Amino acid sequence: MQWPAASGEKSQVVCPLDVPLVCVVGPTASGKTALAQRIAERLNGCVLSADSMQIYRGMDIGTGKIAPADRTVPYYGLDVAAPGSAYSASLFQEYGRGVVLRAYEQGCRPIVCGGTGFYVRALVDSYDFPAGEQVGNPVRDAYNARIAECGCDAVWAELNQRDPASAALINAHDAKRVVRAFELLSEGTSYAEQHAKLHAIGVHFPVTMIGLQVDPEILRHRIDARVDQMVEDGLVDEVRSLLSEGLRDALTAHQAIGYKEIVQALDGAISLDEAISQIKFATHRYAKRQRTWFRKDKRITWICADRDNGEELLCRSLKIVDTDEKRYGKGCA
RNA sequence: GGUCGGGUAGCUCAGUUGGUAGAGCAGGGGACUGAAAAUCCCCGUGCCGAGGGUUCAAGUCCCCCUCCGACCA
């Protein structure tokens with residue numbers, strides 16, 4: 001996997017900014033939001049959340065969305081979509097890039113707060129998503145139905161007939177990607193073709209990436225405490241009210257950790273205690289995947305957030321931002 | 001005190017007629033171009049409670065001890 005060069009290399013920059021775009025990344029419960037907000041306060045900026053679930057209106061407690069009363073700077077990327085709608089990385093790319101450019105125009109510095117690695121990359125790197133039906137894609141529906149009927153392996157075998165290059169890149173059990181491969185074929189491209197571009201991806205915005213690193217054991221305890229707090233704060237009621245708005249049929253929102261489990265508890269399939277412990281375990285695994293995703297991005301400067309020491313984290317972050325700006329400034333001159 | 005269960009991987013447990021152990025969960029690692037909090041791939045040595053005995057060979061049979069649970073007193 002190739003990663004774009006450091007932000008200082010201007011030649012690759014498609015859409016140059018005056019200064020690098022600051023991104024705070026890291027696993028869930030690492031303290032991204034608090035740090036991003038503090039940085040935004042200092043830099044006279046705003047926060048752009050890059051989070052596939054906080055994007056949904058009404059999903060507040062379970063996604064760890066910062067409460068309106070606690071917001072000290074303008075926020076973007078929250079409550080952008082209805083929970084029933086299907087959002088995506090490409091929609092976020094379009095939205096997020098608009099936010100970034102508008103903010104710079106207005107002299108407000110956006111600070112990206114990213115939990116969804118794919119969204120951050122779609123925003124910041126030169127991903128080029130092919131055109132096609134975004135919602136209610138008939139190809140997607142058709143192949144999902146086929147997989148439900150014949151099993152994923154059989155449908156993968158069919159893909160292997162039509163497009164062996166793509167099939168070779170996709171595991172025969174990976175239903176999401178098998179379906180996506182057929183979608184891409186219907187759009188005149190292929191999974192293999194798109195995948196090949198990964199190795200040559202450039203940067204769209206120059207970035208300063210700050211990663212919050214927390215010892216896994218400490219993070220696990222923090223997650224558990226946070227889940228208990230969410231339940232105390234009324235997660236069950238939130239899910240109940242989302243159900244009345246059609247959460248059950250929501251393609252994406254229904255997959256959110258903390259929501260799908262509570263839905264099961266409300267249905268009586270599992271007890272509330274079981275749901276709570278499942279939410280904790282699912283969140284641990286999610287944090288592990290986030291760690292894996294961000295770990296390979298060499299642009300990230302990691303800072304230790306084992307302890308909740310906001311001032312220290314802010315100082316270190318501002319230093320990183322400052323250093324990067326100087327380097328970038330030099331590159332431009 | 002007596003009877004019966006049971007003590008095997010961090011947890012819940014499998015382990016066939018004796019051939020030195022294996023699942024699920026948890027955990028770890030990895031992949032990822034329009035669902036990404038999704039989806040998928042890889043990773044299991046543990047005094048088989050302690051001690052003794054039978055046997056070429058014991059998690060598995062016998063004895064004894066110990067701990068937990070249930071029942072009877």
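Just so it is clear, the structure is predicted and the values come from calculations on it, not from any experiment.
- Within 4.0 Å (heavy atoms only), A:Thr116 reaches sugar-phosphate atoms of the nucleic acid but no base atom.
- For A:Met53, the listed nucleotide lying nearest its side chain is B:A37; candidates were B:C32, B:A37, B:G29.
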With 3.5 Å as the limit, what N/O pairs link the protein to nucleotides 23-25 of chain B?
none

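- For A:Thr33, the side-chain hydrogen bond (donor to acceptor under 3.5 Å, both in side chains) criterion is met by no residue, not counting sequence neighbours.
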Convert the base pairs of RNA chain B into dot-bracket notation, remembering that pairs crossing earlier ones are written with [ ] and that bases paired across to another strand are shown as |; include only Watson-Crick or G-U pairs under 3.5 Å.
(((((((..((((.....[..)))).(((((.......))))).....(.(((..]....))).)))))))).
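- A continuous path of ILVMFWY side-chain contacts below 4.5 Å connects A:Leu219 to A:Ile276, so both sit in one hydrophobic cluster.
- Residues A:Val22, A:Val24, A:Leu35, A:Ile39, A:Leu43, A:Ile111, A:Ile210, A:Ile303, A:Leu313, A:Leu314, A:Leu318, A:Ile320, A:Val321 make up the rest of the hydrophobic cluster containing A:Leu212, defined by ILVMFWY side-chain heavy atoms closer than 4.5 Å, directly or through other members.
- Closest to the side chain of A:Thr252, out of B:C32, B:A37, B:A35, is B:A35.
- A:Arg121 has no side-chain polar atom (N or O) that falls below the 4.0 Å cut-off from OP1 or OP2 of B:U33.
- Screening residues 98-110 of chain A for side chain to side chain donor-acceptor pair (under 3.5 Å), with sequence neighbours left out, gives A:Arg109-A:Glu325.
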Show me the protein contacts with nucleotides 40-43 of chain B, counting only N or O atoms at under 3.5 Å.
none

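- Between the side chains of A:Thr28 and A:Gln290, no donor-acceptor pair of N or O atoms lies under 3.5 Å.
- Distance from the side chain of A:Phe129 is smallest to B:U33 among B:U33, B:A35, B:G30.
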